[in-house]
Every structure is written in structure tokens, then in C-alpha cells.
**Student:** 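This is the structure, below, for whatever I ask next.
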2 protein chains.
Amino acid sequence: MSIESQATRDRILDAAERLFGLNGFPCASLRQITDEAGVNLAAVNYHFGSKEDLYKAVLIRRIRPVNEERLTRLGQAEQLAGDQPVPLRAILDTFIRPLLRRAANELPGGMPFLRLISRDLTDPQPFMLDEMVREFDPLVARYTRVLTQTLPGIPLSELFWRMQFTIGGMLYAAAHQHDFERTSCGLCRENDLDGCLRRLIDFCAAGLQAPLTKAAMQPAASTLQQNALLHYQ
Amino acid sequence: MSIESQATRDRILDAAERLFGLNGFPCASLRQITDEAGVNLAAVNYHFGSKEDLYKAVLIRRIRPVNEERLTRLGQAEQLAGDQPVPLRAILDTFIRPLLRRAANELPGGMPFLRLISRDLTDPQPFMLDEMVREFDPLVARYTRVLTQTLPGIPLSELFWRMQFTIGGMLYAAAHQHDFERTSCGLCRENDLDGCLRRLIDFCAAGLQAPLTKAAMQPAASTLQQNALLHYQ
DNA sequence: AGACGATTGAAACGATTGTTTTAATCAACC
DNA sequence: GGTTGATTAAAACAATCGTTTCAATCGTCT
């Protein structure tokens with residue numbers, strides 16, 4: 001592979017990342033992408049095979065370093081903790097920071113990539129499902145192990161749900177971070193990585209270690225609560 | 001409008017809801033929709049004007065009752081609380097239950113609608129933005145007022161972010177509820193409205209009333225934390 | 001210099017899209 | 001009972017899509 005052909009590959013990847021992120025996979029046409037990249041239309045099929053394969057390449061190019069950084073930071077945190085359990089907020093930091101960092105212009109990708117990965121994790125393209133599972137499988141194993149050590153009082157079934165809520169909050173914040181300045185009436189400034197990260201960790205740490213309600217400890221006894229309002233009074 | 005034409009309108013709306021929810025707006029074609037509805041292709045443009053207007057009609061038909069139910073339940077909760085602030089978990093229940101209820105076959109719409117609304121709130125179709133703001137504006141005003149009364153210690157700027165995380169967790173859970181049974185290795189059963197609702201409320205209530213970290217109380221002093229791991233040890 | 005594989009360029013292909021058009025059918029009313 | 005307006009049916013429209021084809025060009029070797 002020559003050095004110029006690598007340049008066209010990269011230009012295609014950059015343009016595709018931006019347009020897939022802004023418009024989504026179905027609405028970003030190859031002609032838009034190749035025009036913006038300044039390359040010929042046929043270059044996509046020549047270098048990547050198909051539109052779907054281009055999409056895979058765009059996602060994998062960014063997700064893999066993010067997940068590697070997550071595991072690296074988690075390893076450092078474990079080392080630092082010694083034989084003590086890793087502090088919950090440190091675990092969350094290793095998980096969230098590598099992603100949100102990409103939107104703060106600290107690293108390539110930026111806002112379009114965050115919208116792209118957020119969209120594809122909340123609403124996956126069918127042909128990406130297997131690929132995604134393969135990329136995230138090692139993470140699931142490592143984080144569940146660390147979390148069960150840090151939060152020994154939380155049953156695994158509860159932990160599973162709470163991690164889903166954590167991921168949901170993270171992805172929603174990642175996708176909308178740049179809209180918040182406009183929709184928050186001045187309560188949020190753009191590109192405030194530290195602020196967003198701290199708030200998200202505050203929120204999710206509290207949620208993850210929330211005390212168990214009666215229903216959570218006796219799941220078999222939970223029944224439909226007809227009037228939930230009374231229950232909370 | 002005759003009674004049969006209303007029937008074709010409804011058949012189109014039902015089929016569109018299912019296919020928009022499953023495949024997304026761009027990938028669900030009008031021919032798919034009209035075939036499944038058993039009506040002629042031109043009926044969509046005749047009754048709704050365009051594909052975009054059909055999409056609007058599909059969303060509004062379900063969102064409006066959900067938001068009305070939210071405000072009704074919130075009103076009941078306020079009445080029940082008297083001059084006391086409404087309990088946080090009760091507020092969250094009025095907000096989340098009317099949506100998740102739709103997926104538990106308690107009400108029409110079901111899983112496709114939840115995927116649809118979840119997708120359009122996390123990744124809105126551009127032409128729906130104004131319509132959505134109009135539908136949700138009254139909610140924002142009411143819920144921020146009630147929440148500031150219940151959580152007087154949380155600054156508005158923090159509350160804004162925490163509500164975004166709450167919404168993100170709710171939408172993610174709503175969209176994936178039916179996948180969890182498959183991906184959770186038996187930790188989650190499908191259609192468990194009460195279980196999902198309780199866990200989500202446990203999580204978000206703890207997150208919303210989480211104690212403020214130093215950075216949250218002195219936002220001006222927050223600087224980029226180069227090595228966040230040490231910070232948590 | 002010449003030959004060969006890799007890459008690019010321009011054009012066309014077949015399929016599908018949302019929309020429009022035109023005629024046929026239906027229901028209701030004077 | 002014939003007429004009018006609403007609704008449905010079938011066909012065609014123009015545009016765009018991803019992909020393929022084939023010749024032209026480039027870079028790199030012998």
C-alpha cells in the first residue's frame with residue numbers, strides 16, 4: 001500500500017466520520033463523503049469494499065484506542081489501590097474519561113465521533129452488532145470483576161442494571177454535550193470536559209452505591225404496585 | 001372524514017410506528033409501511049402529506065398522552081404532599097412510569113414505540129426538533145420547579161445536568177429493555193416493568209441527591225486534573 | 001527505458017426512494 | 001337516480017442510492 005493511497009484512505013475515514021456522525025449511517029451518502037474528502041466515488045469500494053465496511057472501519061479506528069485506554073487506566077488504578085478495592089469514582093473515571101476526552105478537542109475525532117459512537121451504541125446498525133460485542137467483551141469482564149470487589153453489597157443483578165443506567169447517562173451526555181449550552185439557558189458551557197466528567201461521576205457513583213430498597217433484596221416478593229405514589233409517601 | 005378513511009389512517013399509523021421503531025425513519029420505506037398496513041402507497045401522501053408528516057403524526061399520537069399522564073400524576077403527587085415538598089422518588093415515578101408503561105403491553109405502542117421515542121430523543125430527526133421542544137416545554141417548567149423544592153441544596157446548574165443523566169438512563173433502558181434478557185446472562189427478565197422502574201428510580205434518586213463535591217461548590221476553581229486517578233485515592 | 005501491479009477517474013448500471021398524476025370507485029346528498 | 005366530493009388504485013416520475021465497469025494514470029520495480 002503506497003503512501004498516497006493511505007492518505008486517501010485517511011481522508012475518506014475523516015470525512016466519513018464527520019458525515020456519519022452528523023447525519024447517521026443511512027443518510028450520509030458515499031457521494032457526500034467522497035466529495036468532502038476530495039477523492040473519487042469509486043475509491044470507497046476500492047479501499048474498503050462497501051459502505052458498511054467503511055462504517056465499520058470508521059468506528060473501530062476510534063473505539064479500539066478508547067477501550068485500550070480504559071483498560072490501561074483501570075490497570076493503573078488497580079495497581080495504585082494495591083490489595084484494597086479500587087475506589088468507585090476512580091473506576092468510573094477510567095471508564096468515562098477516555099470517551100469524553102475525544103469531544104474536548106484533546107484528541108482527534110471530536111464531536112462527530114461522539115455522536116457517532118453514542119448513536120451506534122444506543123441504536124446499533126444491525127451489521128455492527130457482532131463487531132461491537134467483540135470490541136466490548138473484554139471490558140465487560142474486567143469492569144464487572146472490579147466493581148463487584150468495590151461494591152460487595154450490591155448483588156450482581158442490581159449491578160448489571162446500574163451499569164446500564166451509567167452507560168445510558170454517559171452516552172446521552174456525550175451526544176448532547178454540545179447542545180446543552182444552547183438548551184440549558186446558560187447553565188452549561190461547551191467543551192467543559194472536567195465539569196461534565198465530575199458531574200457524571202458524582203451522579204453515577206451515587207447511583208451505583210445506592211442503598212438497596214426492600215424490593216431489591218426480596219425480588220421474589222415484588223408485585224405490581226397499583227398506586228406507586230402512595231408507596232413513596 | 002369517513003369512518004373507513006379513519007381506519008386506513010390508523011392502519012398506516014400502526015404500521016409506521018412499528019417499522020419506524022424497528023428500522024428508523026430513513027430505513028423504513030413507505031412501500032414497506034403501506035404493504036404492512038394493507039393500503040395503497042398513495043394513501044400516505046393523501047392522508048398525511050409527506051413521509052415526514054407521517055413521522056410527526058406517529059410520534060405525537062403517543063408522546064402527547066405520555067406527557068399528559070406525567071403532568072396528571074405529578075399534580076396528584078403535589079396534592080398528596082400538601083405543603084410538604086413532593087418526595088423525590090414520587091417525582092421520578094411520575095416521570096418514568098408513563099413512558100415505560102408503554103413497553104409492558106399495558107398500553108398500545110409497545111416496544112416499537114419505545115425504541116422510536118428513545119431514538120428520536122437521543123438522535124432527533126432535524127425536522128422534529130421544534131415539534132419536540134413544543135411537546136416537552138411544559139414538562140421542563142413543571143419538573144424543575146418541583147425538583148428545586150424537593151432538592152433545595154442542589155444548585156440549578158447541577159440539577160440540569162443530573163436531569164440529563166436521568167433522561168439518558170431512562171431512554172437507554174427503554175430502548176434496550178427487551179435486549180437485556182438476552183445480554184444479561186439471566187440477570188434480567190423481559191417485560192419486568194416494576195423491576196426496571198424500581199431500579200431506575202433507586203439509581204436516579206441517589207444520583208439526583210448526591211452530595212456536592214468540592215468542585216461542584218466552587219466551580220470557578222475547577223481546573224484540568226492531569227492525573228485523575230490520584231485525585232480519588 | 002520498459003513492464004507490471006496498484007490506484008484513480010469518469011461513466012453507467014440497476015434498484016429503490018418519495019412524490020405526483022390520472023383514472024376508477026365509493027358514499028352521501030339534492 | 002344522478003351528481004358531487006372524498007377516497008382508493010395503478011402507474012409513472014424524477015432523483016438518488018450503492019455498486020460496477022473499464023480505461024487512464026501513477027509509482028515501483030527489473
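Order of the sequence lines sets the chain letters (A, B, ...), proteins ahead of strands, with each chain counted from 1.
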**Student:** Expressed in angstrom and rounded to an integer, what is the separation of B:Q32 atom CD from C:dA15 atom P?
**Tutor:**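 Value for this atom pair: 18 Å.
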
**Student:** With no hydrogens and no angle check, just 3.5 Å: does a side-chain donor-acceptor pair link A:N40 and A:Y46?
**Tutor:**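 No pair is found: no donor N or O on one side chain lies under 3.5 Å from an acceptor on the other.
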
**Student:** Would you mind classifying the nucleic acid contact of A:A7 as base, sugar-phosphate or nothing, using non-hydrogen atoms under 4.0 angstrom?
**Tutor:**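 Here A:A7 touches no strand at all.
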
**Student:** Starting from C1' on D:dT21, measure out to CG on A:L41 and report it in whole angstrom.
**Tutor:**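 Between C1' of D:dT21 and CG of A:L41: 12 Å.
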
**Student:** Rounded to the Å, how far apart are A:I12 CD1 and D:dG18 P?
**Tutor:**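 Distance check: A:I12 CD1 to D:dG18 P gives 13 Å.
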
**Student:** Decide, yes or no, whether a salt bridge links B:R64 with B:E68 under the criterion of side-chain N to carboxylate O below 4.0 Å.
**Tutor:**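 No.
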
**Student:** Among the nucleotides C:dG18, D:dG18, C:dT7, which one has an atom lying closest to any side-chain atom of A:Y46?
**Tutor:**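 Nearest listed nucleotide: C:dT7.
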
**Student:** Whole angstroms only, please: what is the CZ-C1' distance between B:F48 and D:dT7?
**Tutor:**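 The distance from CZ of B:F48 to C1' of D:dT7 comes to 14 Å, rounded to the nearest Å.
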
**Student:** When you get a sec, tell me which of C:dT19, D:dT21, D:dA10 is the closest nucleotide to the side chain of B:A42?
**Tutor:**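 The closest nucleotide is D:dA10.
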
**Student:** So, do A:Y172 and B:Y172 have ring centers that fall under 6.0 Å from each other?
**Tutor:**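 Judged by ring-centre distance (under 6.0 Å), A:Y172 and B:Y172 do not meet the cut-off.
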
**Student:** Does D:dC17 have OP1 or OP2 sitting under 4.0 Å from an N or O in the side chain of A:S29?
**Tutor:**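 Yes, A:S29 has a side-chain N/O under 4.0 Å of OP1/OP2 on D:dC17.
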
**Student:** Nearest whole angstrom, please: distance from the C1' of C:dT21 to the CG of B:N45.
**Tutor:**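 Whole-Å distance recorded here is 12 Å.
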
**Student:** Side-chain N or O of A:S5 less than 4.0 angstrom from OP1 or OP2 on C:dT8?
**Tutor:**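 No.
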
**Student:** On DNA chain C, nearest-nucleotide positions of A:N40 versus A:R31: which is more 5'?
**Tutor:**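 On the 5' side of the pair lies A:N40.
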
**Student:** Taking CG from B:D35 and P from D:dA9, how many angstroms apart are they, rounded to a whole number?
**Tutor:**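 B:D35 atom CG is separated from D:dA9 atom P by 12 Å.
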
**Student:** Look at the side-chain N and O atoms of A:H47 and state whether any lies under 4.0 Å from the OP1 or OP2 oxygen of C:dT8.
**Tutor:**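 For C:dT8, OP1 or OP2 has a side-chain N or O of A:H47 closer than 4.0 Å.
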
**Student:** Please determine if A:K56 forms a cation-pi arrangement with A:F48, meaning its NZ or CZ atom is less than 6.0 Å from the six-membered ring centre and no more than 45° off the ring axis.
**Tutor:**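 No - A:K56 does not lie over the ring of A:F48 by the 6.0 Å and 45° rule.
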
**Student:** So, B:Q32 side chain and B:S29 main chain: donor-acceptor pair closer than 3.5 Å or not?
**Tutor:**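 The answer is yes, because a donor-acceptor pair under 3.5 Å joins these two groups.
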
**Student:** B:F20 CZ to C:dT17 P: how many Å, rounded?
**Tutor:**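 The distance from CZ of B:F20 to P of C:dT17 comes to 12 Å, rounded to the nearest Å.
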
**Student:** Without decimals, in angstroms, what is the distance between A:L19 CG and D:dG18 P?
**Tutor:**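 Interatomic distance, CG of A:L19 to P of D:dG18: 12 Å.
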
